[in-house]
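Shown next, in structure tokens, is the structure this report addresses.
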Amino acid sequence: MPIVTTRSVVLQTYPYSDTSKILRLLTLDHGPQSVMARGALRPRSRLSGVLEPFAEGSATFYLKPDRDLHTLSDFDLERERQALGRDLRRFSAASVLCELVLRLAPAERDEALFSALTYGLDALLAAQPEVVRGTAAAAIWTVVDVLGFAPDLGGCSRCGDPLESRGGRLDVREGTLACERCLPGGGSLSPAEISVLRRLASGVPEGPSPSSQQVRLLIEFVRHHAAEGIRLRSLEFLLSEEAG
Ligand SMILES: [Zn+2]
């Protein structure tokens, strides 16, 4: 029964008993892991209040081969990120990042994914209020990209039009852009809007804030592709916020 210590982000927690809880972690060295934090819900536990979603630190646990649940022996907190919980939009976006990782992370070590997650959480924490929406979209895209679900935002996927002088539409199901001739219908994006989409999809939050429609398109895309039809609760919330 080897004992391991690895950098970890808490993705999700739930109570297991009156005194213990289970943590879903993304670890740097061993991919996603579930650990039992015995006694963590006791008021005087040194782990009490530490093991909340978005927290990052060094987790030490007994890694049992062929077991789904390991026993946490220590968690050395480095970043708590509790301030994310004080702003609904930041909290929702951070939850989307964690849900995507929970559902789609590969089983083994993935340093790029770990970096994308921690970078995204820190960016959401540091963003000024007026750029939270753009930061959220960029952070979600970065994680989606690392997970291998990035859309093709080149020219029209059907006729090759570069879509630089006229607009087009995002074909959410195909994950590609199409011009108005090839894919008629409403919801057309201007060339300027397409360039903002491309910028967001490349993970760059700076520049003009994306429109509600652009954020909605990005969220729809993630829902169709990365989430594979599964309803991600936090995505649903972001979507309802955009519609309102
Ligand atoms: Zn076309």
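In listed order, ligands and their atoms are each counted from 1. Note that the structure is a prediction, hence the values are computed from the model and not measured.
Between Glu78 and Arg7 a salt bridge is recorded (basic side-chain N to carboxylate O distance below 4.0 Å). Using a 4.0 Å cut-off between charged nitrogen and carboxylate oxygen, Arg166 and Glu180 do not count as a salt-bridge pair. Between Arg79 and Asp122 there is a salt bridge, with a side-chain nitrogen of the basic residue lying less than 4.0 Å from a carboxylate oxygen of the acidic one.
The Zn ion (ligand 1) has Cys156 SG, Cys159 SG, Cys179 SG, Cys182 SG as its protein N, O or S neighbours under 2.8 Å.
Heavy atoms only, all atoms of each residue included: Phe61 and Gln33 are closest at CZ-CG, 4.2 Å.
For the pair Lys21 (side chain) and Leu51 (backbone), a donor-acceptor distance under 3.5 Å is present.
The side-chain contact (heavy atoms from CB on, under 4.5 Å) check on Asp145 picks up Ala150, with sequence neighbours excluded.
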